[in-house]
Structure formats: structure tokens, C-alpha cells
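In what follows, a structure is listed as C-alpha cells, so that the remarks can point back to it.
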Amino acid sequence: MNKPFLLELGLEELPARFVTPSITQLAEKVQAWLDDKGLSYGEIHSYATPRRLAILVEDLADRQPDIHDESRGPALKIAKDESGAWTKAALGFAKGQGVETSQLEIKAVNGTDYVFAKTHKKGEKTSVLLPELKELITGLTFPKSMRWNTYSLRYARPIQWLVALYGEDVIPFSINGIETGRNTTGHRFLGADFPLDNPIEYADALKRQYVIADAEERKAAIVSQLKQMEEEHSWVVPIDEALLEEVTQLVEYPTALSGSFDDSFLALPKEVLITTMREHQRYFPVEAKDGRLLPYFITVRNGNEEYIENVAKGNEKVLRARLSDAAFFYHEDQKISLQAANAKLDNIVFHEAIGTMGEKVARIGELSKWLAGEANLGAQERQTVERAAAIAKFDLVTYMVGEFPELQGRMGQEYAEKAGETPQVAKAIYEQYLPRYAGDKVPETEAGAVLALADKLDTVVSCFSIGLIPTGSQDPYALRRQATGIIHILLQTEMPLTLENMAVHALDSIAKKGFMTEKVETTKQELISFFANRLKHVMLEAGFRYDIVDAVLAAPLVDVYTMFAKARLLTERAEDREFKEVTESLSRVTNLAKKAPKGVFVSENLFENETESRLLAATLEVEFGLAEAWKVKDAYAAYQALAQCRATINTFFDHTMVMADNEATRNNRLALLDRLAKSIQSYADFQKIVFSA
């Protein structure tokens, strides 16, 4: 008989960022365990709050299915000797199958007699297997773990209670002295401990004790309450998804409430107010319909509406103190000049083996100047880049950024404008940090894009120069994120810069400054490989097929926009029959070209038929067509230049024996193919593209 099963792990409050990964991990482990045991089950539900992780399995079978199996052993002529007695081979087979030799059967397979053993394994009761889930619970991993009392188990937080209920029966096991039972607990202040009679009642029973166990239901309730407040007050409440997720995992019974602050604080930059509310207090800011920030906030209480006015007043008092600190920092920061702030960077160590922040700013300045030239920026933009690079990091020494690191760049923009810098310079200072995370926007201005490239490039290359290379999951300086940001900037801005040239130039600059005296060439190759891997990762994330990505990356690395354009075109053509035929022809050329001898050039005097002349003419057309297409970054025109020579290639192979007996003729034909192959492989390695049968 199928019955529901509930597993609940009660804990001291988990950090909000632990909750979702932990319940996801537990659900995956439970499902994998059920599948491994061969137990049938219905829908699996996950529940998670700061104080509990729970899995509810519907219609869990009461036992494993019986297993009936038949295994083939050795051939009969090996299983029995001349006297008819069982040999060691047969005895070993029987022992391995757990049967007596008398139970062995003989059957013919394709005219040959073999020994077979039939085995019957009775399925174990589910109630006997379920205590094994203890190992799943103790095997959960967390970003940080702790040990408490004298127990050896390290865990995110101490375990407070355990529920393991299969139908109406408790599944017995214990962890650190905590025995499983049927008792769970409601909200810390509003609820009470109570027994569960049946797993199915779990979520509803908790609601009666002021706990919404379903995280998505809690999130929906918060959003609904925010929307209701918007309508009641004609507000706009911008919902930051990261903040919403955090608040959802901070409460078990959410009740939204609003408060206000003195509108004199609105003189502070909007981002300062929002950061103070969001990062320090977990408040949602409130805006007018025209985007102006209003002197109100919304917070979410872990409880009901009782004494809600007192809660609002308490939050207002705390926020007032926070905003007063921010106002003090803001005004104090403006008492120091940009030059004085910049000078302090010489006393801040970026890395002991790389130098100070002041030295990093100097490197950024040099890189920015070079990048601006390579990107063909105009004179005005170059001036903007030069000035922005010179003061790019001054805001790191301000009180405001010291208190709110999230505002680096944004406060630089604000203070730079107040100090009389141009809006273009100020915006570039802000944009140097973009994109800050996956999915974030890239710089809008050319100057900002160049400064962002220089900053990220210097961080990656300088770390590589001293051996700080990401390995496995270890990337303490977020170099993968920095490299990914570089790729997205190059993609969106279409700058004619290659990752390889950028990395090599930056490393050469660092080497000249004496930061590294050996392994320069090895480090260059490591950098090129690192950027190529990040480019592959970004292309795969963009949805391109792995084989097309491999084909494009096998060609020489050109600017990122062109690499994506080629992958996009090949993806669009991948299912066309004509594309398959073109690919086969091009691959035939590149495959044979591998045999071409080095240093041999094509000689028309050695041509023996018209197809050779036509292929040479087609090769010249391809070279010209590719050059013209790439001038305007036209991946379609470049592909067409290759595709149009398909018929000429096929005719050549139909009427010409490439591997001729005459060595000079053979080498000349291979050299001809090699010349065309170089153009083909400059686009992609078409041999890597996989076609369905």
C-alpha cells in the first residue's frame, strides 16, 4: 500500500543565503536515493524556511519490487568436464549468483549450450530502508559549517528536531541525540509545538501555527502585499529579485508594513538611500510614478499585524540613524579634493606582489590609452578616457565607499561631478565596474567601456603574472567574472579588439615593470587559454551548440563580435541540407590539406587540367571575398564567399587525382588545397560540426 512520507529537519535559524541551496540539495539527494532503491513514488514537494527543511513524498510504495533475474554463465563445454562434473568455472558462477549448482539450467543460444542461473530477490520493506536517510541529512554541505557541544558533526546550524513520518508511523533514527518523531513546531512566537497525524497535512497544519512552509508561496504573499501597498498609496515599489529572495528566506510568516523618514534625507544621492535601505535594513524603497524616490520604505515582518505600528516606529528609528550616518559621510567626503584622495591610493595595497592601488591606477591609465587607440576612439573620447583613468579609483578612500562598498564607482561619479569634472568623465568612472554580475548592463559610453576593459584586464593579467590562476571552484579574485565581463563588453560594443592581443599586451607591460622575470611565454599561453575557455563558456550560455562553438573557436581568435556572428550564422544554417553539402566539400579540402608539405607554393606551370586553374581562381575569389566581408564584419558574406566555391571544389575532386604519382604534381595540388584551406579555417573548423543521420 502506498503512503506519503515526510522528512523534516528542524534547525536554529539558517542564514537566508543557505536556505534555497540546502533544500535543493536535500530534494535532489532524496529523489536520487528513492530511484537508487527502486522505490516508486508520486510527486515530491519541497518546503523550506529559516528554521526547517522538509521533503514530502506522495504515494511512496511500501516495499521494493521483487527482482527476478536470469544470468548467463559459461558455455556448457567449459562448465562441465568429460565426466559430467561441474568445473571450477561453473562452481564460481553459481557462488557469484548465490545459487546451488542444482539450480543451474542449460539453454542454447545461437546453437551453443550455456549455463544459466535464475535469481529471485525479494524487495525490502520501505520502512526498513528509510532510516538510511540519516546519511543524506548528515551529508548535506553548506558554505560554512559549525560544531556545537561535544558532537563531531559539523553543520550549518544546530539541529533542534527531526520528523520522519511514513503514513502514520514514525521512522526511527537519531542525529546527535535528537530522535525522530511526529512533533514539529510552529512560528517561534506565534505558534506552538504540535504532533502530525499524517504527512499530507504538513503544510496546512503549519499555516495554522503561522508558518508558510512553501517558499514560493511566501514569496508570492510578499509580492502581493507590496502590490497592494502600491495601489493603496499610488506608489511604485521596485522589486529587487535578490532582496526579495533574501527576505523570503528570513521569515516564516510575512507581513509587509511601511514606514517613513525625514524628506531632508532626499538631498542625498538616490543610490545612497536605496543602498542604505536595501543592504543594511533589507527594506524595499518607494518611488513616485515619475521615478522620484519618496521618503517611505516597506519592510517585511516575521509575524502578523499585531502591534504593527510599534514595529514601524522601531524600523523608522533605526533607519533614521543609518541615514544620518550616510549624510555625515557624504558631507565629509566632499571636504577632500580628488587629488588628495588619489594620493591616498599609494597607501592601499592591491596585492603585496603586485603593488598598491596607486600603481594599479597607473597601469589602468597606460592600458586605457592603448585600448583607446586600438579601438579607434576619437580625440575627444581619448581625452575623456585619459582623465577618467587618472582618477578612476579615488572614491575607494571615501567614507561612503568604506561604509558601502557597493557604491564604488557610483560615488566616484557623484563626487567627480561635484568637483567640476565633465559628465563624460564622471560617467566613465561609474561604468568602469560594469558589468558587475551575470546579466548586468555593460557600459553605455565608449570611454566607460575602455576604462572597464582596462580595469578588468589589469586585474586578470596581474593576478596571472604572480601565479594566482583560478583552479576548479577556487577563484578568490573573481577572475572568471572579470574575464566574462570583458567578453560581454567587447560583444556589445563591437570593438575591434581581440582577447589574445589584449592579454599579451597587458602581460608585456607588466613584465616590463619587473613584476615577473620568468615564465612570461608560459603565462601568455595560460592567459590565452583562460580567455578562450571563458569565451567558450559565454557562447554556450548564449545557446550555441557545443560542436558549432568548437568549430568557431578552432579558427584564429578574432574580435568577440565576429566570433559570435560566425556562431550565429552557422547555427541558423545547421539544419539546411545545402549547408551540410557545403560543409562536406570544405571539410574535404581541409582534410587533404593536412598532407601538404611545408614551404611549397602553388605553381600554375605544374597545372595539368582546367579544374586546377578554376580552383585557384576560386581560391583567389574566396580570399578577396573574406577580406571585403570582414571589413564590415559581415559573417553572412564571408560564409557565402566560402559556400560559392563548393561546385568548383567538387569538380576538382571529380577530375583530379590529388595524390598523383609525380611528386611535384602531387605537392603542387596539395599546396593549392592548403591555400584554400587556410581561408576556410580562418572562418571555422567545419570538420567539427556534427550532423544528424
Side-chain angles (χ1 to χ4, degrees), residues 1-14 16 18-20 22-23 26-27 30 41-60 126-127 130-131 133-134 136-138 140 148 155-222 248-255 300-308 311:
M1 178 181 176
N2 293 357
K3 294 181 287 186
F5 171 68
L6 173 68
L7 177 67
E8 184 189 44
L9 171 62
L11 301 153
E12 287 187 8
E13 272 85 353
L14 287 168
F18 286 18
V19 178
T20 298
S22 297
I23 189 58
L26 180 60
V30 169
Y41 55 89
E43 192 171 354
I44 297 179
H45 304 273
S46 300
Y47 300 99
T49 77
R51 300 179 65 212
R52 72 198 73 231
L53 304 172
I55 303 294
L56 173 63
V57 183
E58 294 185 9
D59 298 320
L60 179 59
T126 300
S127 58
L130 285 172
L133 292 177
K134 170 184 175 178
L136 268 66
I137 295 174
T138 57
L140 292 179
W148 66 98
Y155 224 59
R157 291 294 184 271
I159 297 171
Q160 298 295 304
W161 74 89
L162 291 167
V163 175
L165 201 59
Y166 183 43
E168 298 178 353
D169 301 321
V170 173
I171 301 299
F173 61 85
S174 67
I175 300 176
N176 285 0
I178 305 294
E179 301 282 346
T180 55
R182 66 174 66 251
N183 282 2
T184 186
T185 185
H187 189 279
R188 182 177 291 279
F189 305 113
L190 303 175
D193 294 351
F194 65 95
L196 288 164
D197 297 323
N198 190 294
I200 292 296
E201 70 182 26
Y202 178 72
D204 290 336
L206 280 175
K207 283 182 184 177
R208 292 191 290 271
Q209 297 297 328
Y210 297 94
V211 173
I212 300 176
D214 189 314
E216 290 303 316
E217 188 177 344
R218 281 201 312 281
K219 183 180 290 186
I222 293 170
T248 298
Q249 304 301 6
L250 283 171
V251 300
E252 290 195 312
Y253 193 80
T255 299
V300 178
R301 177 192 190 186
N302 185 21
N304 58 14
E305 295 187 356
E306 191 172 358
Y307 305 115
I308 200 92
V311 176

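Values below: all heavy atoms of this structure, side chains included; hydrogens, waters and symmetry mates excluded.
Atom OH of Tyr202 is surrounded by more than 12 heavy atoms from other residues, nucleotides or ligands within 6.0 Å. Remark: Glu168 CD is loosely packed, at most 12 non-hydrogen atoms of other residues, nucleotides or ligands lying under 6.0 Å away.
Shown here for Val19 and Pro50, the closest heavy-atom pair between the two residues is CG2-CA, 4.2 Å. For the pair Phe18 and Ala156, the tightest heavy-atom approach, listed with the atom from each and the gap, is CD2-CB, 3.9 Å. In this structure, Glu8 and Trp161 approach most closely via the heavy-atom pair OE1-NE1, 2.8 Å. Residues Ala213 and Leu206 come closest through the heavy atom pair CB-CD1, 3.8 Å. In this structure, Pro199 and Pro4 approach most closely via the heavy-atom pair CG-O, 3.6 Å. Across every non-hydrogen atom of Gly303 and Leu190, the tightest pair is CA-CD1, 3.8 Å.
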Evaluate side chain to side chain contact (heavy atoms under 4.5 Å, CB included) for Leu9 paired with Ile159, printing each intermediate quantity in order. CA-CA 7 Å; Leu9 171 62; Ile159 297 171; 3.9 Å; yes
Any chance you could lay out the side chain to side chain contact (heavy atoms under 4.5 Å, CB included) test for Ile137 and Leu7, step after step, and finish with the verdict? CA-CA 10 Å; Ile137 295 174; Leu7 177 67; 3.8 Å; yes
Candidate pair Glu252 and Arg188, rule salt bridge (charged side-chain N to carboxylate O under 4.0 Å, His left out), full reasoning: CA-CA 9 Å; Glu252 290 195 312; Arg188 182 177 291 279; over 6 Å; no
Where do Tyr253 and Ile212 land on the side chain to side chain contact (heavy atoms under 4.5 Å, CB included) test, with the steps shown first? CA-CA 6 Å; Tyr253 193 80; Ile212 300 176; 4.2 Å; yes
Leu60 vs Tyr166, test: side chain to side chain contact (heavy atoms under 4.5 Å, CB included). Steps then yes/no. CA-CA 9 Å; Leu60 179 59; Tyr166 183 43; 3.9 Å; yes
Evaluate side chain to side chain donor-acceptor pair (under 3.5 Å) for Glu305 paired with Thr255, printing each intermediate quantity in order. CA-CA 7 Å; Glu305 295 187 356; Thr255 299; 5.8 Å; no
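Between atom CG of residue Asp169 and atom OG1 of residue Thr126 there is a gap of 12.0 Å, rounded to the nearest 0.5 Å. Between atom NZ of residue Lys134 and atom CD1 of residue Ile171 there is a gap of 14.5 Å, rounded to the nearest 0.5 Å. Summarising the geometry, atom CD1 belonging to Ile175 is positioned 6.0 Å from atom OG1 belonging to Thr138; distances are rounded to the nearest 0.5 Å. Of the inter-residue distances, the one linking Trp148 atom CH2 with Arg157 atom CZ reads 10.5 Å to the nearest 0.5 angstrom. Remark: Leu11 CG to Thr49 OG1 distance equals 9.0 Å, nearest 0.5 Å. Atoms OG1 and CG, on Thr185 and Asp193 in that order, are 4.0 Å from each other to the nearest 0.5 Å.
Remark: Pro172 engages no residue in a side chain to side chain contact (heavy atoms under 4.5 Å, CB included) (not counting sequence neighbours). Contacts of Thr180 classified as side chain to side chain contact (heavy atoms under 4.5 Å, CB included), with partners at least two apart in sequence or in another chain: Leu162, Ala164, Val170, Phe173.
Proximity of a side-chain donor or acceptor of Gln209 to a complementary backbone N or O of Ala192 within less than 3.5 Å is detected. Without hydrogens or angle criteria, Arg182 side chain to Leu196 main chain gives a donor-acceptor distance under 3.5 Å.
Side-chain contact check for Val30 versus Phe5: every heavy-atom pair is 4.5 Å or farther apart. For the pair Arg218/Gln249, a side-chain contact is recorded, criterion being any heavy-atom separation below 4.5 Å from C-beta on. Side-chain contact check for Asn302 versus Leu250: every heavy-atom pair is 4.5 Å or farther apart.
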